[in-house]
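Numbers for residues simply follow the sequence, beginning at 1.
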Amino acid sequence: MSDISLEQAQRVLAAALKKSQEMGVKMDIAVVDAGANLKAFARMDDAWLGSIDIAIRKAKTARFFDMNTGEIGKLSQPGGPLYHIEHSNGGLISFPGGVPLKNAEGRIIGAIGVSGSTVEDDHAVAVAGAAALNG
(Lines give C-alpha, C1' and ligand atoms only; values in the text may rest on other atoms or scores of the structure.)
Protein backbone atom coordinates (compact mmCIF):
# COMPACT_ATOMS: atom_id res chain seq x y z
CA MET A 1 0.00 0.00 0.00
CA SER A 2 1.33 3.43 -0.91
CA ASP A 3 1.17 6.00 1.82
CA ILE A 4 1.40 9.77 1.99
CA SER A 5 4.72 11.05 3.32
CA LEU A 6 4.96 13.66 6.03
CA GLU A 7 6.38 16.12 3.49
CA GLN A 8 3.42 15.54 1.17
CA ALA A 9 0.93 15.86 4.03
CA GLN A 10 2.51 19.14 5.11
CA ARG A 11 2.38 20.45 1.51
CA VAL A 12 -1.34 19.60 1.30
CA LEU A 13 -1.93 21.26 4.67
CA ALA A 14 0.01 24.40 3.68
CA ALA A 15 -1.96 24.77 0.44
CA ALA A 16 -5.26 24.35 2.28
CA LEU A 17 -4.24 26.92 4.87
CA LYS A 18 -3.25 29.36 2.13
CA LYS A 19 -6.62 28.90 0.39
CA SER A 20 -8.44 29.41 3.70
CA GLN A 21 -6.56 32.65 4.30
CA GLU A 22 -7.30 33.86 0.76
CA MET A 23 -11.00 33.14 1.31
CA GLY A 24 -10.99 34.77 4.73
CA VAL A 25 -12.31 31.70 6.54
CA LYS A 26 -11.05 29.97 9.69
CA MET A 27 -10.71 26.25 9.21
CA ASP A 28 -9.72 23.03 10.90
CA ILE A 29 -7.80 20.92 8.39
CA ALA A 30 -6.90 17.23 8.75
CA VAL A 31 -4.77 15.01 6.53
CA VAL A 32 -4.91 11.23 7.01
CA ASP A 33 -2.68 8.54 5.57
CA ALA A 34 -3.69 5.52 3.51
CA GLY A 35 -4.81 3.73 6.68
CA ALA A 36 -7.01 6.71 7.68
CA ASN A 37 -4.66 7.63 10.54
CA LEU A 38 -4.10 11.31 11.28
CA LYS A 39 -0.87 12.48 9.60
CA ALA A 40 -1.12 16.29 9.78
CA PHE A 41 -3.55 18.74 11.34
CA ALA A 42 -4.00 22.49 11.77
CA ARG A 43 -6.56 24.51 13.63
CA MET A 44 -6.48 28.11 12.48
CA ASP A 45 -6.74 30.75 15.20
CA ASP A 46 -10.37 31.13 16.29
CA ALA A 47 -11.57 28.20 14.17
CA TRP A 48 -14.53 26.38 15.74
CA LEU A 49 -13.65 23.72 18.30
CA GLY A 50 -16.52 21.54 17.06
CA SER A 51 -14.99 21.47 13.60
CA ILE A 52 -11.87 19.63 14.79
CA ASP A 53 -13.70 16.31 14.98
CA ILE A 54 -15.66 17.03 11.81
CA ALA A 55 -12.49 17.73 9.78
CA ILE A 56 -10.87 14.50 10.98
CA ARG A 57 -14.03 12.49 10.28
CA LYS A 58 -14.35 14.02 6.81
CA ALA A 59 -10.79 12.97 5.99
CA LYS A 60 -11.38 9.45 7.34
CA THR A 61 -14.69 9.12 5.50
CA ALA A 62 -13.09 10.17 2.20
CA ARG A 63 -10.36 7.57 2.70
CA PHE A 64 -12.64 4.78 3.93
CA PHE A 65 -14.74 5.02 0.76
CA ASP A 66 -12.22 6.63 -1.64
CA MET A 67 -14.62 9.35 -2.74
CA ASN A 68 -15.49 12.91 -1.91
CA THR A 69 -17.69 13.11 1.15
CA GLY A 70 -20.24 15.17 -0.76
CA GLU A 71 -20.74 12.22 -3.12
CA ILE A 72 -21.38 9.93 -0.17
CA GLY A 73 -23.93 12.47 1.02
CA LYS A 74 -25.82 12.21 -2.25
CA LEU A 75 -25.95 8.42 -1.90
CA SER A 76 -26.98 8.49 1.76
CA GLN A 77 -30.21 10.45 1.40
CA PRO A 78 -33.48 8.75 2.43
CA GLY A 79 -34.21 6.01 -0.08
CA GLY A 80 -30.61 6.05 -1.33
CA PRO A 81 -28.35 2.99 -1.45
CA LEU A 82 -26.20 4.26 1.45
CA TYR A 83 -28.98 5.61 3.68
CA HIS A 84 -27.74 5.82 7.30
CA ILE A 85 -24.11 5.02 6.37
CA GLU A 86 -23.03 7.91 8.58
CA HIS A 87 -23.78 5.68 11.58
CA SER A 88 -21.14 3.13 10.56
CA ASN A 89 -17.41 3.12 11.31
CA GLY A 90 -17.81 5.03 14.56
CA GLY A 91 -19.50 7.92 12.77
CA LEU A 92 -18.92 9.27 9.28
CA ILE A 93 -19.46 12.68 7.74
CA SER A 94 -21.55 12.67 4.58
CA PHE A 95 -21.41 16.29 3.47
CA PRO A 96 -18.73 18.12 1.43
CA GLY A 97 -15.24 18.87 2.72
CA GLY A 98 -13.49 15.50 2.51
CA VAL A 99 -11.39 14.60 -0.56
CA PRO A 100 -9.19 11.56 -1.28
CA LEU A 101 -5.53 12.29 -2.04
CA LYS A 102 -4.01 10.58 -5.08
CA ASN A 103 -0.35 10.30 -5.97
CA ALA A 104 1.04 10.98 -9.46
CA GLU A 105 0.09 7.43 -10.51
CA GLY A 106 -3.53 7.97 -9.43
CA ARG A 107 -3.26 5.72 -6.36
CA ILE A 108 -5.06 6.94 -3.24
CA ILE A 109 -2.50 7.56 -0.48
CA GLY A 110 -4.63 9.46 2.05
CA ALA A 111 -7.32 12.11 2.30
CA ILE A 112 -7.95 15.66 3.47
CA GLY A 113 -10.87 16.85 5.55
CA VAL A 114 -11.80 20.49 6.12
CA SER A 115 -14.42 22.07 8.39
CA GLY A 116 -15.16 25.54 9.66
CA SER A 117 -17.29 27.39 7.12
CA THR A 118 -20.00 26.50 4.63
CA VAL A 119 -19.72 23.07 3.06
CA GLU A 120 -18.96 24.81 -0.25
CA ASP A 121 -16.03 26.65 1.35
CA ASP A 122 -14.88 23.49 3.12
CA HIS A 123 -14.86 21.62 -0.20
CA ALA A 124 -13.00 24.42 -2.02
CA VAL A 125 -10.26 24.42 0.62
CA ALA A 126 -10.00 20.62 0.54
CA VAL A 127 -9.71 20.63 -3.26
CA ALA A 128 -6.98 23.28 -3.09
CA GLY A 129 -5.06 21.14 -0.62
CA ALA A 130 -5.47 18.02 -2.74
CA ALA A 131 -4.28 19.87 -5.85
CA ALA A 132 -0.98 20.66 -4.13
CA LEU A 133 -0.12 17.01 -3.49
CA ASN A 134 1.75 16.43 -6.72
CA GLY A 135 2.71 20.04 -7.39
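The side chain to side chain donor-acceptor pair (under 3.5 Å) search around Lys74 returns Glu71, not counting sequence neighbours. Applying the side chain to side chain donor-acceptor pair (under 3.5 Å) rule to Ser51 yields the partners Ser115; only residues at least two apart in sequence or on another chain are considered. By the salt bridge (charged side-chain N to carboxylate O under 4.0 Å, His left out) test, Asp66 is found to be paired with Arg63, residues two or more places apart in sequence or in another chain being considered.
Scanning all heavy atoms of the two residues, the minimum distance from Lys60 to Ala36 falls at CE-O, 3.3 Å. Of all heavy-atom pairs between Ala132 and Arg11, the closest is O-CD, 3.2 Å. For the residue pair Thr69 and Gly97, the shortest heavy atom distance occurs at OG1-N, 3.4 Å. Across all non-hydrogen atoms, the minimal contact from Gly98 to Ala62 is C-CB, 3.7 Å. Nearest heavy atom pair, residue Pro96 against residue Asp122, reads O-CB, 4.1 Å.
Hydrophobic clustering, with ILVMFWY side chains joined whenever heavy atoms are under 4.5 angstrom apart, groups Val31 together with Val127. A continuous path of ILVMFWY side-chain contacts below 4.5 Å connects Ile112 to Leu17, so both sit in one hydrophobic cluster. In terms of hydrophobic clustering, with Ile, Leu, Val, Met, Phe, Trp and Tyr side chains grouped at heavy-atom distances under 4.5 Å, Phe64 and Val114 are assigned to different clusters. When the side chains of ILVMFWY residues are joined at heavy-atom separations under 4.5 Å, either directly or via intervening members, Leu49 and Val25 end up in two distinct hydrophobic clusters. The cluster map of Ile, Leu, Val, Met, Phe, Trp and Tyr, joined by side-chain heavy atoms under 4.5 Å apart, puts Ile85 and Met67 in the same cluster.
Contact of the Leu13 side chain with the Phe41 side chain is not registered, since no non-hydrogen atoms from C-beta on lie closer than 4.5 Å. For the pair Ile29 and Ser20, the minimum side-chain heavy-atom distance is below 4.5 Å. Considering only heavy atoms from C-beta on, Leu101 comes within 4.5 Å of Val12 through its side chain. Taking the side chain as every heavy atom from C-beta outward, Val32 and Lys39 never approach each other to under 4.5 Å. With contacts defined as side-chain heavy-atom distances shorter than 4.5 Å, the pair Ile72/Thr61 qualifies. Under the 4.5 Å side-chain criterion, counting only non-hydrogen atoms from C-beta, Leu133 is in contact with Ile109. At a threshold of 4.5 Å between non-hydrogen side-chain atoms, the residues Tyr83 and Pro78 count as touching. When side chains are defined from C-beta on, Val125 counts as touching Met23, because their heavy atoms get closer than 4.5 Å.
In this structure, Asn89 contributes its side chain and Gly91 its backbone to no donor-acceptor pair below 3.5 Å.
Atom CZ in Phe95 sits 5.0 Å away from atom NZ in Lys58 (nearest 0.5 Å). Between the CG atom of Asp121 and the NZ atom of Lys26 there is a distance of 13.5 Å, given to the nearest 0.5 Å. To the nearest 0.5 Å, the span separating CD on Gln21 from NZ on Lys19 amounts to 12.0 Å. To the nearest 0.5 angstrom, Glu86 atom CD is 12.0 Å from Arg57 atom CZ. In this structure, OG on Ser5 lies 10.5 Å from CG on Asn103, to the nearest 0.5 angstrom.
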